[in-house]
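Just so it is clear: chains get the letters A, B, ... in the order the sequence lines come, proteins before strands, and each one is counted from 1.
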Amino acid sequence: MRLNELTIAQAAAGLKKREFSSVELTHSCLDRIDARNESIHAFISVNESAIDSAKAADEMLKGGNVHPLTGIPFGVKDAICTKDTRSTGAATILDNYVPPFDATVIRRLRDRGAVIVGKQNCDAFGHGASNENSMYGAVHNPHNEKKVAGGSSGGSAAAVADNQCIFSIAEDTGGSIRQPASLCGVVGLRPSYGRNSRYGIMPMASSLDTVGPITKTVEDAALLMEVMAGQDLKDATTVPDSVDEYSKFLDRPIQGMRVGVPKEYFEHHGIDSEVLTCIRTQLKRLQEMGCELVDISLAHTKYAIPVYYIIVPSEDSSNLARLDGIRYGVRAEADSLYDVYALSRAHGFPSEVKRRIMIGTYALSAGYFDAYYRKAQRVRTLIKQDFETVFENQVDIVVTPTSPFPAFDLGAKADPLSMYLADVFVSPASLAGVPALSVPAGTTTDGLPIGLQIIGPRLSEGIILNVGHQLTAN
Amino acid sequence: MSIQNKDIEHVAKLARLSLSEEEVKMYAEQLSVIFEYMDLLKTVDTDGVAETCQVTGLEDVFRFDTQEPCDPEVRAKLIAGFPDRSGNLLKVKAVFDDV
């Protein structure tokens with residue numbers, strides 16, 4: 001086994017036993033990126049000082065100052081700020097932007113000696129489900145290069161699947177961690193809203209944005225959450241609840257657990273038959289492990305996409321107003337101040353970002369606010385209540401497919417609305433603010449990965465990681 | 001619902017976004033289709049339903065409004081990132097036309 005193919009747990013054990021150094025481990029990832037970036041395009045920038053960081057980590061290891069993340073190479077979605085490393089958000093308006101600070105979650109990982117190997121491609125500012133909305137080129141799925149990697153964190157999922165880093169840190173607003181993890185055959189966790197700090201994450205929809213891990217195993221995701229989670233004074237929406245020792249949940253028996261099977265997902269008209277068969281097989285496995293399957297209804301599921309695509313572009317259009325070429329980023333030359341704004345934004349945003357700004361500005365404009373944004377916020381309450389009701393009365397977790405279909409062809413969803421509908425199974429949990437985990441569940445006859453989604457009540461990350469581990473480790 | 005080119009031009013101006021004629025036409029067509037789909041929400045009875053503005057239940061999260069010193073290195077990097085400057089000052093176009 002090559003070093004870049006190791007999980008965090010395996011690499012940490014090897015580093016501790018001095019079987020190899022962080023410099024060697026980091027080199028193996030950088031070599032893999034070098035060999036594969038032209039075809040997969042998972043990285044926008046490679047961190048020039050990765051080897052220096054690895055050397056520093058090796059010193060930490062020699063000093064006995066050991067944490068399981070010390071010396072582990074990882075990639076970061078380019079919509080997350082990393083100190084002294086270019087962070088574009090995959091849009092050229094930030095082509096030259098080098099943050100002088102780290103996002104809080106990144107700081108916490110780096111403090112333990114984890115090593116950034118590079119910044120990963122994504123749909124610009126997280127807008128998309130295929131990673132085709134990047135101004136630095138689309139990401140290709142490592143399982144079949146004619147297919148998309150999913151989005152928006154396509155580079156982060158593809159890089160882990162292709163062993164270009166040991167793990168990735170990405171952002172999930174309406175499915176941007178889970179859907180690409182599903183399409184690339186890796187593990188992706190969207191934590192409860194407020195569990196992890198959003199400080200330093202380029203904001204998309206502030207009431208929905210979360211940051212979480214993409215990993216090779218559930219065990220690795222649990223380990224990362226122990227470091228990433230917790231209150232941050234720089235993000236007033238982080239919750240004060242203590243952080244669980246998620247790793248200790250993994251081997252708990254899941255016998256007697258009540259698993260909700262929502263008919264609105266399994267009877268969805270657009271679901272691929274191989275996806276359905278695969279998830280049903282996994283449900284049977286859960287039953288064999290002693291879980292009780294319970295048929296449930298999440299009645300407002302069909303409204304999640306229209307609610308999501310009102311709320312997100314509305315909050316997006318407001319957040320993106322800060323990108324105007326004035327204080328940082330790329331400024332267009334023009335005679336008037338208005339034209340500096342309008343042209344900097346016209347040149348520096350791809351088509352989908354402009355579309356979202358237009359949808360959001362329209363929905364928030366005078367005369368339409370009540371009909372769209374306010375209405376969407378009310379229907380959001382009904383979607384949230386659907387989850388609260390089943391978790392209070394009927395089940396411990398809900399299991400669904402992560403995506404209705406496996407990875408699709410690059411260019412297949414040119415119509416914006418058809419792309420929006422790809423989020424149909426991932427947006428409801430986002431709107432409800434609850435955590436959700438995608439784990440690999442099998443492959444299609446063409447060898448494309450299928451992902452299974454486990455949704456739990458707020459702050460139940462330990463429980464969904466427990467179930468995910470039991471499904472994938474055995 | 002049908003969104004006209006003039007609606008798009010108005011919204012683009014509010015959003016400080018310069019659009020080509022082709023883009024205006026494209027977004028008018030696409031937004032018409034998208035908002036027609038959003039009209040599905042009108043069929044939901046939301047009488048008496050409160051809006052969800054947040055999901056954490058946190059209220060009144062305060063901190064002291066204190067001045068914090070800026071690391072000189074960070075300050076230098078922020079200034080180096082200005083698109084245009086005069087010394088250490090950020091340079092921008094005149095905000096008012098008549099001065």
Mind ranking [options] by heavy-atom pairs under 4.5 Å with chain A and telling me who comes out on top?
options: Val95(B), Val61(B), Val49(B); result: Val49(B)
options: Met38(B), Arg63(B), Gln54(B), Met26(B); result: Met38(B)
options: Val11(B), Asp45(B), Leu78(B); result: Val11(B)

Residue part contacting chain B, namely of [X], when any heavy atom lies under 4.5 Å:
X: Lys384(A); value: side chain
X: Ser344(A); value: neither
X: Leu421(A); value: side chain
X: Val379(A); value: both
X: Ser351(A); value: both
X: Ala334(A); value: backbone
X: Val307(A); value: both
X: Ala321(A); value: neither
X: Leu431(A); value: backbone

Taking the six-membered ring for Trp and the full ring for Phe, Tyr or His, determine whether the centres of Tyr37(B) and Tyr309(A) are under 6.0 Å apart. no
Under the side-chain contact (heavy atoms from CB on, under 4.5 Å) rule, what do Val44(B) and Tyr303(A) come out as? Steps first, then yes or no, please. CA-CA 9 Å; Val44(B) 190; Tyr303(A) 303 113; 3.4 Å; yes
If you define the side chain from C-beta out and look only at heavy atoms, does anything of [X] sit under 4.5 Å from [Y]?
X: Tyr341(A); Y: Leu17(B); result: no
X: Cys53(B); Y: Gln377(A); result: yes
X: Arg374(A); Y: Glu51(B); result: yes
X: Phe101(A); Y: Val74(B); result: no
X: Val92(B); Y: Arg327(A); result: no
X: Phe82(B); Y: Ile326(A); result: no
X: Arg16(B); Y: Leu343(A); result: no
X: Ile34(B); Y: Tyr420(A); result: yes

Measuring heavy-atom distances to chain A, does [X] have an atom under 4.5 Å in its side chain, in its backbone, in both, or in neither?
X: Leu58(B); answer: side chain
X: Lys13(B); answer: both
X: Ala50(B); answer: backbone
X: Asp84(B); answer: both
X: Ile8(B); answer: both
X: Lys93(B); answer: both
X: Leu90(B); answer: side chain
X: Tyr27(B); answer: side chain

How close do [X] and [Y] get, heavy atom to heavy atom, and via which atoms?
X: Ile357(A); Y: Ala15(B); value: CG2-CB, 3.5 Å
X: Leu40(B); Y: Pro306(A); value: CD2-CG, 4.0 Å
X: Leu14(B); Y: Ser365(A); value: CD1-CB, 4.4 Å
X: Pro83(B); Y: Gly325(A); value: CG-O, 3.4 Å
X: Ala94(B); Y: Leu337(A); value: O-CB, 3.9 Å

Please determine, among [options], the option with the most heavy-atom pairs under 4.5 Å with chain B.
options: His347(A), Lys375(A), His300(A); result: Lys375(A)
options: Val340(A), Val330(A), Ile310(A); result: Ile310(A)
options: Val434(A), Val98(A), Leu382(A); result: Leu382(A)
options: Ile359(A), Val239(A), Ile311(A); result: Ile359(A)

side-chain contact (heavy atoms from CB on, under 4.5 Å) evaluation trace for Tyr372(A) with Leu41(B): CA-CA 8 Å; Tyr372(A) 291 113; Leu41(B) 295 182; over 6 Å; no
Just checking, any donor-acceptor pair under 3.5 angstrom between side chains of Thr381(A) and Thr52(B)? yes
Would you indicate whether Asp335(A), at its atom CG, is surrounded by more than 12 heavy atoms from other residues, nucleotides or ligands within a distance under 6.0 Å? no
May I ask you to check whether over 12 heavy atoms, not counting those of Leu233(A), lie within 6.0 Å of atom CG? no
When you look at Glu23(B) and Arg355(A), which way does the side-chain contact (heavy atoms from CB on, under 4.5 Å) test go after all the steps? CA-CA 10 Å; Glu23(B) 283 178 311; Arg355(A) 186 159 29 248; over 6 Å; no
Audit row: Asp84(A), Lys77(B), side-chain contact (heavy atoms from CB on, under 4.5 Å) steps and yes/no: CA-CA 9 Å; Asp84(A) 299 337; Lys77(B) 284 176 184 171; 2.8 Å; yes
